[in-house]
Structure formats: structure tokens, C-alpha cells
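I have placed the structure first, in the form of C-alpha cells, so that the comments after it can refer back to it.
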Amino acid sequence: MNLGPISFGEPSGLLWLGLLVPLILFYLIKPKPKVKEIPSLMFFMKASGRSRLLSFFRMFVHDFLFLVQLLLILLLALTASQPSININHDITARNTVIVLDSSASMQTMEGSETRFEKAVDAAKSALTTRNTVIVARNRPGIGVQEASSGDAAAYLNLAEPFDTETAIGDAIILAGEILRGKEGRVVVVSDFLATSGVEPEIAKAVLTSRGLVVNFINVAETGKNNVGFVDLVVEDDVTTAYIKNYNEQEVTVTLTVSDTSKQLTIPAKGVEPYVFKTLPNVAELTLTPEDHLVVDNIIRTSAPDYKPVKVLLITNTPSAFLQNALKASPIVELTIGIPPIIPKGDFDIIIIHNVNQNEVLPGTYDDLLKDVQNDQKTVIVTAQEESLSIDYRGLIPFGLTGTATNGLTRVENPTRFTKNIEFGKLPTYFTTVLQPGVISVAAVGNDTGVITVATVPGGGKLVYYGILEKGSDFKFSPYYPIFWHELIKYATNQKDIRGMNDKTGNTLLLDHETDVVTPNGKITTNRILFDKAGLYRMPERTIAVNLLSEEESDVNPRDKLGDQIEDVEFSPVKEKRKFEWEWALLLISLFLLFGELLYIKLRGDV
């Protein structure tokens, strides 16, 4: 039943108003004081001129208990009838969550401003009394939460874009989690070039299904020109950079590497590789002329300052496989010595391979062991069929006890020279009894080390390579030269180039807290988030971090999402809400009942 804006869920509850009848009768028939005529009083009563009807109503008005009980019955009757009223409720007034796209593509120039600067202005215009700002990049994060408009604006004034990809849909989902169980509005300011995570339209549909209002503001315009680096492969000897032309026409750009410049002509939508010798330390590559996105016009590489490694291979039967593997390493200067003649020289590494023991002069192995102990040299002994009968004079710091067959090699202690290496099966191998201080890098069975490393007190290294060349297929593997190259670098303590170049958006975990100089300043941490392109300098290495995202550099919108800034109005979004009075009326009734009892007590009736 409706009475104007008021509706009653249970109109039958109004029947409780019938209790007013016995209440009024009770007050009419209650005992009255006996009236005696007194001349003076009669004079005043006649002079008053008041009617009996007025006295009748005055009796009820002046009786406080009657008014309380009358009101109590009215409230109980209304409570039983479940009254309610429909009101217009603004569902966006209380909470506003700003999703601010802070990815690399937001650095694209739009006239005299970047997209990010336009986005900050749009975000400020959407602020209300309670605001949360979510920073959208490859991983969304909360900038400020439930802040005033002043505090949120102060945060936005200091915000900067990052050099990462975009997971704008994930940031929208996070906004929905923040508003879970609440009312509010989500304002997404972006160019909507989503390169990872949930699609923005899907994320918006999820939030609107929960009753939240989601506004998309698009700060991107079409017709942008861009040519940028999209990939980089840095290896020990050569580096390959890939440049993509996103324009609809062929372009010619100038690529500068250190002091060398080269012009490249790239077809429309084409990718052009550029290969050059890996430069030591830090090198910078730039593209000119500049276009609408600058962050992908510059990349940096980081590589060790390799020093040539002098390697002496002592052998009576040179192996083509081993020689070619050593010569393939760009850092190796190889010298071959055929016993009994051993070349003199300041060698960093000495490899003993396929020697004729009868040709080795007495004291040769003793002299090599002294070089390891005193001059921090490295001696690598490779197993050969006669190894059981050869006295290596401590160059193998453990005993060879016999032979075995058909063993499957496994890596026991991963190192830089065994990473991603598969050694395969060994038709024949020597069993060993390892001594304390000897590290088994690769083994067969439970306790037989086939590749071991031991560091002597003087700082030198003794390496045992127990894979017999005859019968083993490892020498045919593409991993074979890689193994020897990495082993040479390990033995001479040279840095590994594989950990010196990375992409923005990745995270590096360190073993302990380290001082790191980042593009944003110096920090002390054990977890580095590469959110800015540039150099990250640590005591033991420098890491070059670049954007390198083909999708993020494609700055022209593929699908037009949202409204332009000038077309957006943050008007209130109202919906009909039923406001029920039942519990409020019940609480008021209980309060009146308590007041009535207190009044009776104070008056002395009980």
C-alpha cells in the first residue's frame, strides 16, 4: 500500500491503531474528584467561559502518560506495517578510485604535453572527498588510499611515468577489490594500449556487474610517428639490436653506437637487425631523429671488460674437438705444447689432455702444482684411457679407484659452466673417492664425480674433467664449446654477460642487501625492480636495463576506448533506494517505553 512517497509492506499492521480506542475510554472512565460548590470558585468558573469540550481535550493534553502511550501505540502500529520511502541515492559520492596509467607509452608526446601530463590533469578533475590512486604499469600498485582531494592532488603532482609495459586491466580489477562491499566510482585515465594482463573491457564489465560506476578517459590520439628498439641480444662476441618502424611509410634513421654512426632504411611496419661486435663495459645506442616516443630511441648494453686468457694445451695427441672448442672462444689465446717440450710463458690456464706419460719430463706436474699454489693458476686435467696408471702428483686432488660403464651424468652443483648443459651418457668412466674440499659439479651414480673443482690455499684451481673423449657423444654436442668457454671464464673469474642485461618490468633478487645506484638514485636492497630504463650499478657488476617491448612502442591506439577529456562529465549517478523505517521506529518505541517507566517511578506510582 502506498501513501504518496511512503509505502507499507504490511498494511495490516495499521490495525494496531485500534488500541487507541480502549486507551481513550480508559482515560474517560477513570475516577474523577468530587466537585463542591464554593461561591467564590463558582464565580471564577462562570467567568472563565470555557466550554466542556475544551475541558475534555485539556484533560488528555495535560496528562503526560496519555501522550506517551498514545505515541507508543502509533509507533508500534507503524512498525508492524513496515513503512519505507524511496529516495534518490548517489552511488558515486563516497569513494573515488583513480587508475592512472604510468607505463612507457604514456610518455608519447601529444602536442606540447605528454600523455601522462594530460592524464594527471584529468585525474585531478575527478577527485572527490575520499580518493585512492592506483598506479598502472606492468604490476599495479597503490599510490595513496582514501586520501583527501588535497593529498591526492599533491601525490599526482609528484607522480612520474615508468618505462614498463601496461597491465591496465589488472589495475582496474585491483580498483574493484579496493571498493569491494563499498559504493564508488572508478576513473581510468590511460591510452589503453594494454600489453599484458586482463583486457580493460573485460575488467570494466566485472566492476559494473558489482554495481560500480567505471569511467574510461582516453588521452591518446592517432597519427603518431615512432621508430624504436624492440629487442636486444647481447652475447660474448656479438650484439644484435632490432629496430622497428611503426609508420605507414619507409623511413631512414641514423643509428649511433659509441662513436660509430650508420644509416638504416626500414620499410613500413618492418624490423631491421643491426649486428656489431660486443663492446666492453657500457655502450649506448641511439636513434635519430627523435619521434613522438623517446624512451625506445636509446638502449644501453653492459659487458665485461674481457681480458685475453692465455691457455696452454699440453698434449701428445691433439684433439680437433677440444682445439676447435677453445679457439671458438673469443677470449682464448691458445698455445699447444707437445711433451717433452713444454713452452715457457705466463699462462693463465694449463690443460693436460691425451699425454704420453713416457714423454713427460719428471717434475713437470710438480712445477704445475707450484704454479697453482703460488701464482693462482688453473690446471685442468682431462681423463684419458691411461689415467689410472698416471701419477698426476696432486693435480687430481683425489683417487681414481677403477672403471665403470654406462653411466648417466647429472649436474650435482650447478655452476655458470654447467647451466643448461646436458652431458649425456658415458660408455666408460673412472670411479672416484672424493676428498674434503673437492666439489663434485657433475657426477655419475652416488659418489663418482666426473667433473670436479678444488680451490687450493693460494687461490688457484684444480679442475678434473672425467668425460673420456672416446665413446662419448658430448664432443658432438653444441653445448661442448659453450662448456669450455664458460669454464675458461669461471677459472679466470671473469664476469658473466648473461646477468648484465635485462628488460624493464623484471625483478632481480639478490642474496643479501646491496648498495645499488639506480636511474632514480641510490638504494640499499636485496630486491631490485627494474621500472626505469638505464644503468643499475652494483659493486660486482653493472646491469643495463631497456624497455624492448614491441607492443608498448606501438603508440597508435588500435581500438578507441573511453571518452576524450573534454567530453567527460563526472555527474552524480543516482538510483532509487528503499529506506525502511521499521528498525528506527522500533528503537524509538523502546526509548519511549523506558521513559514512561522512569516517569512512573519518579512520580511514585510504583
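Along the sequence shown, residues are numbered consecutively beginning with 1.
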Which heavy-atom pair separates [X] from [Y] by the least distance, and what is that distance?
{"X": "Gly505", "Y": "Leu529", "answer": "O-CD1, 4.2 Å"}
{"X": "Asp515", "Y": "Thr524", "answer": "OD1-OG1, 2.6 Å"}
{"X": "Leu174", "Y": "Pro140", "answer": "CD2-CB, 4.1 Å"}
{"X": "Gln107", "Y": "Val295", "answer": "OE1-CB, 4.0 Å"}
{"X": "Leu547", "Y": "Thr504", "answer": "CA-OG1, 3.5 Å"}
{"X": "Val189", "Y": "Ala122", "answer": "CG1-CB, 4.0 Å"}

Under 3.5 Å, is there a donor-acceptor pair between the side chain of [X] and the main chain of [Y]?
{"X": "Asn526", "Y": "Asp511", "result": "no"}
{"X": "Asp163", "Y": "Lys532", "result": "no"}
{"X": "Ser103", "Y": "Arg137", "result": "no"}
{"X": "Asn157", "Y": "Ala153", "result": "yes"}
{"X": "Arg130", "Y": "Ala147", "result": "no"}
{"X": "Asn546", "Y": "Leu548", "result": "no"}
{"X": "Thr525", "Y": "Ile528", "result": "no"}

Report yes if the side chains of [X] and [Y] come closer than 4.5 Å at any heavy-atom pair, otherwise no.
{"X": "Val227", "Y": "Ile266", "value": "yes"}
{"X": "Pro200", "Y": "Val188", "value": "no"}
{"X": "Thr286", "Y": "Asn297", "value": "no"}
{"X": "Ser102", "Y": "Phe116", "value": "yes"}
{"X": "Thr239", "Y": "Val233", "value": "no"}
{"X": "Asn245", "Y": "Glu272", "value": "no"}
{"X": "Tyr246", "Y": "Asn225", "value": "no"}
{"X": "Ile497", "Y": "Val234", "value": "yes"}

Does [X], at its [atom1] atom, have more than 12 non-hydrogen atoms belonging to other residues, nucleotides or ligands within less than 6.0 Å?
{"X": "Lys269", "atom1": "NZ", "answer": "yes"}
{"X": "Glu551", "atom1": "CD", "answer": "yes"}
{"X": "Lys182", "atom1": "NZ", "answer": "yes"}

- Go through the steps for Met109 and Asp291 under the test side chain to side chain contact (heavy atoms under 4.5 Å, CB included), then give the verdict. CA-CA 9 Å; Met109 295 301 300; Asp291 45 39; over 6 Å; no

Measuring from atom [atom1] of [X] to atom [atom2] of [Y], what distance do you get when rounded to the nearest 0.5 angstrom?
{"X": "Asp191", "Y": "Ile168", "atom1": "CG", "atom2": "CD1", "value": "8.5 Å"}
{"X": "Tyr155", "Y": "Thr132", "atom1": "OH", "atom2": "OG1", "value": "11.5 Å"}
{"X": "Thr128", "Y": "Ile98", "atom1": "OG1", "atom2": "CD1", "value": "7.5 Å"}
{"X": "Glu113", "Y": "Thr108", "atom1": "CD", "atom2": "OG1", "value": "13.5 Å"}
{"X": "Ile178", "Y": "Ile142", "atom1": "CD1", "atom2": "CD1", "value": "4.0 Å"}
{"X": "Leu510", "Y": "Glu540", "atom1": "CG", "atom2": "CD", "value": "7.5 Å"}

Q) Given Thr265 and Thr252, is the side chain to side chain donor-acceptor pair (under 3.5 Å) satisfied, shown in steps? A) CA-CA 4 Å; Thr265 300; Thr252 299; 3.2 Å; yes

Is it true that [Y] and [X] share a donor-acceptor pair across their side chains at a distance under 3.5 Å?
{"X": "Ser105", "Y": "Glu552", "answer": "yes"}
{"X": "Thr518", "Y": "Asn520", "answer": "no"}
{"X": "Ser549", "Y": "Glu165", "answer": "yes"}
{"X": "Thr256", "Y": "Ser261", "answer": "yes"}
{"X": "Asn131", "Y": "Gln145", "answer": "no"}
{"X": "Asp531", "Y": "Thr164", "answer": "no"}

* Checking side chain to side chain donor-acceptor pair (under 3.5 Å) for the pair Asn247/Asn226: CA distance, chi angles, key distance, verdict? -> CA-CA 6 Å; Asn247 302 315; Asn226 189 38; over 6 Å; no

> After noting the C-alpha distance and the side-chain angles of Glu110 and Lys224, does the key distance pass the salt bridge (charged side-chain N to carboxylate O under 4.0 Å, His left out) rule?
Replying inline: CA-CA 9 Å; Glu110 297 284 353; Lys224 302 303 173 185; 3.0 Å; yes

Next on the checklist: Would Arg416 and Tyr490 count as a cation-pi pair here, with the cationic atom under 6.0 angstrom from the ring centre and within 45° of the axis?
Outcome noted: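 Judged by the rule, Arg416 and Tyr490 form no cation-pi pair.
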
Quiz item: Should the pair Lys204 and Phe216 be classed as cation-pi, given the thresholds of under 6.0 Å to the six-membered ring centre and 45° from the axis?
Solution: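 Judged by the rule, Lys204 and Phe216 form a cation-pi pair.
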
Can you confirm whether or not the ring centre of Phe530 sits under 6.0 Å from the ring centre of Tyr536?
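Judged by ring-centre distance (under 6.0 Å), Phe530 and Tyr536 do meet the cut-off.
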
Requested in this report: Verify the ring-centre separation between Tyr479 and Phe423: is it less than 6.0 angstrom?
Outcome: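 Here the rings of Tyr479 and Phe423 have centres that are no less than 6.0 Å from each other.
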
Stepwise side chain to side chain donor-acceptor pair (under 3.5 Å) test for Arg185 and Asn215
CA-CA 8 Å; Arg185 183 197 302 269; Asn215 294 112; 2.8 Å; yes

Got a salt bridge between [X] and [Y], using NZ or NE/NH1/NH2 to carboxylate O under 4.0 Å?
{"X": "Glu486", "Y": "Arg498", "value": "yes"}
{"X": "Lys560", "Y": "Glu221", "value": "no"}
{"X": "Arg115", "Y": "Glu117", "value": "no"}
{"X": "Lys244", "Y": "Glu550", "value": "yes"}
{"X": "Lys489", "Y": "Asp236", "value": "yes"}

- Thr278 and Asp237: CA distance, side-chain angles, deciding distance, side chain to side chain donor-acceptor pair (under 3.5 Å) verdict: CA-CA 5 Å; Thr278 298; Asp237 48 352; 5.5 Å; no

Thr288 vs Val253, side chain to side chain contact (heavy atoms under 4.5 Å, CB included): CA-CA, chis, key distance, verdict: CA-CA 6 Å; Thr288 52; Val253 295; over 6 Å; no

| query | Yes or no on side chain to side chain contact (heavy atoms under 4.5 Å, CB included) for Leu561 and Glu201, after CA distance, side-chain angles and deciding distance? | reply | CA-CA 8 Å; Leu561 295 179; Glu201 304 97 316; 3.7 Å; yes

Test log, rule side chain to side chain contact (heavy atoms under 4.5 Å, CB included), inputs Glu199 and Ile172: CA-CA 10 Å; Glu199 291 295 327; Ile172 297 173; over 6 Å; no

